[in-house]
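Position 1 is the first residue of the sequence; numbering continues from there.
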Amino acid sequence: MTAPDMRQRHSINIRSNPEVVYSLVSDLSRMGEWSTENIGGEWIEGDPGALNAKFSGNNKLGDFEWTVDIRVSKADLNENFEFIVDPDHDEGPFVRWGYQIVELEQGSVELTETWEIILLPVSLRSLNDRQLANRKAAVGEAMRATLQGIKAAAEAS
């Protein structure tokens with residue numbers, strides 16, 4: 001499986017407004033509340049959620065734990081929020097995550113989460129096609145869980 005095959009997008013409708021949903025997805029320090037992989041992190045440079053701000057995220061999958069640095073690459077208030085993984089690595093960036101918010105009608109939005117591997121990270125390069133497909137499937141499950149968590153948080157606001 002090649003890097004171009006490593007992308008996904010999942011959407012969910014949320015009874016909320018763009019401002020509330022954007023405030024949730026752009027606050028990466030809260031992502032551990034909803035994600036099945038991310039377990040927290042902290043802003044390390046710039047204004048939290050602002051374009052070019054940097055965040056250090058902690059992740060866990062089974063017994064494997066890792067930390068990644070990310071940089072906010074798009075911050076269009078109430079519309080789009082995007083970040084890239086390992087932006088300062090000699091070969092990176094490796095992965096792009098994004099959230100697009102589209103207002104459907106008053107009090108309702110569609111939130112779409114996207115994931116795309118730009119370049120296989122070193123940690124995935126030794127995997128065969130079946131293992132990469134398994135990783136892609138696991139990411140899809142995590143994305144759907146994250147969207148459900150964000151929906152619950154937004155609708156409770």
Rounded to the nearest 0.5 angstrom, the CD1-CD distance for Ile14 and Gln148 is 9.0 Å

| Parallel under 30°, tilted from 30 to 60°, perpendicular over 60°: which one fits the rings of Trp66 and Phe64? | parallel

Nearest heavy-atom contact between Lys136 and Asp5 is NZ-O, 2.7 Å

Minimal heavy-atom distance between Ala137 and Gln8, with the atoms involved, is N-NE2, 4.5 Å

**Report entry** Aromatic ring pairing Trp115/Trp97, orientation class (parallel under 30°, perpendicular over 60°, tilted between)
**Finding:** tilted

When you compare the side chain of Pro48 with that of Phe55, does any pair of heavy atoms fall below 4.5 Å?
no

So, Arg135 and Glu37, do they make that salt bridge, N to O below 4.0 Å?
-> yes

Rounded to the nearest 0.5 angstrom, the OG-CG distance for Ser11 and Leu147 is 7.5 Å

To the nearest 0.5 Å, atom CG of Leu120 lies from atom CE of Met6 at 6.5 Å

- prompt: Under 4.5 Å between any side-chain heavy atoms of Tyr99 and Leu24, yes or no?
  reply: no

Quiz item: Taking a hydrophobic cluster as the set of Ile, Leu, Val, Met, Phe, Trp and Tyr residues connected by side-chain heavy atoms closer than 4.5 Å, whether directly or through intermediates, do Val122 and Ile70 fall within one such cluster?
Solution: no

- Given the rule in the side chain to side chain contact (heavy atoms under 4.5 Å, CB included) test, do Lys54 and Asp69 qualify, once you have shown the distances and angles that lead to the verdict? CA-CA 7 Å; Lys54 291 188 179 178; Asp69 289 334; over 6 Å; no

Taking every heavy atom of Ser56 against every heavy atom of Thr67, the minimum-distance pair comes out as OG-CG2, 3.3 Å

Would a 4.5 Å heavy-atom cut-off, applied to side chains only, mark Ile118 and Phe94 as touching? no

In this structure, CG of Leu111 is separated from CD1 of Ile12 (nearest 0.5 Å) by 8.0 Å

**Request:** Check whether any side-chain N or O of Asn38 sits under 3.5 Å from a backbone N or O of Asn58 as a donor-acceptor pair, and report yes or no.
**Result:** yes

Check: Val68 and Val95 side chains under 4.5 Å, non-hydrogen atoms = no

Nearest heavy-atom approach of Ala75 to Ala50 is CB-C, 4.4 Å

Here the gap from Arg71 atom CZ to Glu82 atom CD, rounded to the nearest 0.5 Å, amounts to 9.5 Å

Working for side chain to side chain contact (heavy atoms under 4.5 Å, CB included), residues Val21 and Glu110: CA-CA 10 Å; Val21 174; Glu110 179 182 64; over 6 Å; no

Residues Ala53 and Trp43: closest non-hydrogen pair is CB-CZ3, 3.8 Å

Original post:
Side chains of Gln100 and Thr114: does their closest heavy-atom pair fall under 4.5 Å?
Top reply: yes

_Using only atom types and a distance under 3.5 Å, with no angle test, would you say the side chain of Glu155 pairs donor to acceptor with the backbone of Arg15?_
yes

Exercise. Side chains of Leu124 and Ile117: does their closest heavy-atom pair fall under 4.5 Å?
Worked result: yes

Note to self: Taking the side chain as everything from C-beta on, heavy atoms only, tell me whether Glu65 gets closer than 4.5 Å to Ile39.
What the structure shows: yes

- Item | Greater than 12 external heavy atoms within 6.0 Å of Asp27's CG | yes

So CG of Leu51 and OG of Ser73: to nearest 0.5 Å the spacing works out to 8.0 Å

- Counting only N and O atoms by type, is there a donor-acceptor contact under 3.5 Å from the side chain of Glu141 to the main-chain atoms of Ala138? no

For Asn80 and Tyr22, the nearest pair of non-hydrogen atoms, with its separation, is O-CE1, 3.4 Å

